[in-house]
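First the structure, in the form of structure tokens, and then the observations on it.
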Amino acid sequence: MTTNLKDAVVVITGASSGIGQAAAEAFARQGSRLVLASRNGAALEKVAEGCRLLGGEATSVVADVTDPDAVKALASKAASFGKIDVWVSNVGVGAVGRFEETPIEAHEQVIRANLLGHINDAHAVLPVFLRQGRGVFINMISLGGFAAAPFATAYSASKFGLRGFSEALRAEVADKPRIHICDIYPAFVDTPGLMHGANYVGRKVSAPPPLIDARRVAEAIVQVAKHPRATTTVGAVTNATRLAHLLAPNLAARLLGRFMAAYFNRASPVAKSDGNLYRPSQDTAHIDGGLRSRSRSSLPAPLMLGLAALASFAIGAAIASRGSRRQPLSLPRALAIAEKIPASSTAKAKQL
């Protein structure tokens, strides 16, 4: 199936900044008719105006995806154009902090937005797709759908759950060859989202290189809309993380926890905050987070998730190479083995 995006009706949630805004602009260049949604009406209209200047038709709808009725109204608005061709379920929020130090209400809100919000999206649009006999639903997940992130337990739960939801829904519509449930798993992306999230650890949160331009993710979304496929990864770190989790999931998570704890011990203190969990961010309508330029000149968080994922991959490769010996592997021993892996192994990891 190939979707012609010229005049296609495309719904994008979480469209007021970051990947959502980049995707809106990418679809506008294709001549699509856009229905853009987020909680911040002013920022959303600014994005819509930019899309119109790029040649697309754009309508902004203020909607919170945690409200099922609001999402159904969004679907009705989009369907008033006569059809819905593509729905990009893009909303994502985060809360960083130790599990017991993060308010239970924050955990609940992360799950509500990142998992139930996407379920609300699908529940609203799937009846439209079934009536039409066609449609593409694109779930924005992340590498967090393949490997747990300590200090972001609810985020991990939401992303693992979202991957399971997509797989189950995809199986249900398997007998509908023109209805596609597609997942996209980007690695670390330079968007304002990292600064918008809740922070209960009281330390500055950063992201490691290599950071991906959100426009690259947007292009992947457009390609999936044109040529649907079940799973698309963006960035070598995602593939490395995926393989590390497959080979040694518990060890990978323990390493990640150790790396993140070490980073937070050194990071600058900041005020704790609920971020954008309960209210929209005000500094939206920006695609970039401004982290890529800084990451080139220095490595402010080399112990954060990305390099930890690559280290986990290397250790996973070491475990696999042990073959039939299958000796119990402690964390210190695993680190020692990883250090002995030749450079060619990590080069292969980067090429995945």
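Every value quoted in this text rests on a predicted model; they were computed, and no experiment measured them.
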Working for side chain to side chain contact (heavy atoms under 4.5 Å, CB included), residues Ile12 and Leu34: CA-CA 8 Å; Ile12 304 174; Leu34 298 166; 4.3 Å; yes
Residues in side chain to side chain donor-acceptor pair (under 3.5 Å) contact with Thr233, at least two apart in sequence or another chain: Asn239
Nearest heavy-atom neighbours spanning Thr238 and Pro186: OG1-C, 3.3 Å
Those residues that, when tested against Ala147, pass side chain to side chain contact (heavy atoms under 4.5 Å, CB included) (two or more places apart): Thr241, His245
Backbone of Ile19 reached by a side-chain donor or acceptor of Gln21 within 3.5 Å: no
Any residue meeting side chain to side chain contact (heavy atoms under 4.5 Å, CB included) with His286, in chain and number order, not counting sequence neighbours: Pro192
Tyr185: ring pair (Phe, Tyr, Trp, His ring centres under 6.0 Å) partners, not counting sequence neighbours: Phe146
Over all atoms of both residues, closest heavy-atom pair of Ala187 and Leu143: CA-CD2, 3.5 Å
Exam field: side chain Ser32 to backbone Asp7, donor-acceptor pair closer than 3.5 Å: no
Nearest heavy atoms of Ala26 and Glu219, plus distance in Å: CB-OE2, 3.9 Å
Evaluation steps, side chain to side chain contact (heavy atoms under 4.5 Å, CB included), between Val234 and Arg216: CA-CA 8 Å; Val234 184; Arg216 178 180 168 190; 3.8 Å; yes
Which atom of Cys51 lies closest to which atom of Ala28, heavy atoms considered: O-CB, 3.5 Å
By side chain to side chain donor-acceptor pair (under 3.5 Å) - contacts of Gln109 (at least two apart): Arg112
Set of salt bridge (charged side-chain N to carboxylate O under 4.0 Å, His left out) partners for Glu167, sequence neighbours left out: Arg163
Any side-chain donor near an acceptor of the partner, Ser166 and Asp183, under 3.5 Å: yes
Side chains of Ile221 and Ile138 in contact at under 4.5 Å (non-hydrogen atoms): yes
Would you mind writing out the side-chain donor-acceptor pairs for residues 75-84 within the sub-3.5 Å range, not counting sequence neighbours?
unit_1, atom_1, unit_2, atom_2, d
Ser76, OG, Lys72, O, 3.1
Ser80, OG, Lys77, O, 2.4
Lys83, NZ, Asp85, OD2, 3.4

Partner set under side chain to side chain donor-acceptor pair (under 3.5 Å) for Asp288, not counting sequence neighbours: Arg215, Arg292
Which donor-acceptor pairs under 3.5 Å do side chains of residues 36-48 form with protein atoms, sequence neighbours excluded?
unit_1, atom_1, unit_2, atom_2, d
Ser38, OG, Ser16, OG, 3.4
Ser38, OG, Asn40, N, 3.2
Ser38, OG, Asn40, O, 3.4
Arg39, NH1, Asn276, O, 3.3
Arg39, NH2, Asn276, O, 2.7
Asn40, OD1, Ala42, N, 3.3
Asn40, OD1, Ala43, N, 3.0
Asn40, ND2, Ser281, O, 2.8
Asn40, ND2, Thr284, OG1, 3.2
Glu45, OE1, Ser60, OG, 2.8
Glu45, OE2, Arg52, NH1, 2.8
Glu45, OE2, Arg52, NH2, 3.2

Atom pair CZ/CE of Arg203 and Met260 - distance to nearest 0.5 Å: 14.0 Å
Scan the side chains in residues 118-130 for donor-acceptor partners under 3.5 Å anywhere in the protein, sequence neighbours excluded, and list what turns up.
unit_1, atom_1, unit_2, atom_2, d
His118, ND1, Ser89, O, 3.4
His118, ND1, Ser89, OG, 2.9
His118, ND1, Asn139, OD1, 2.8
His118, NE2, Val91, O, 2.7
Asn120, ND2, Val65, O, 2.8
Asn120, ND2, Leu116, O, 3.3
Asp121, OD2, Thr13, OG1, 3.4
Asp121, OD2, Trp87, NE1, 3.4
Asp121, OD2, Ser89, OG, 2.7

Val10/Arg33 under side chain to side chain contact (heavy atoms under 4.5 Å, CB included): CA gap, chis, key distance, verdict: CA-CA 6 Å; Val10 179; Arg33 291 185 286 173; over 6 Å; no
All pairs passing ring pair (Phe, Tyr, Trp, His ring centres under 6.0 Å) where residues 91-116 contributes a residue, at least two apart: Phe99-His107
Set of residues satisfying side chain to side chain contact (heavy atoms under 4.5 Å, CB included) with respect to Ser158, sequence neighbours excluded: Val110, Ile111, Asn114, Leu115
Ser142 side chain near Tyr155 side chain, heavy-atom distance below 4.5 Å: yes
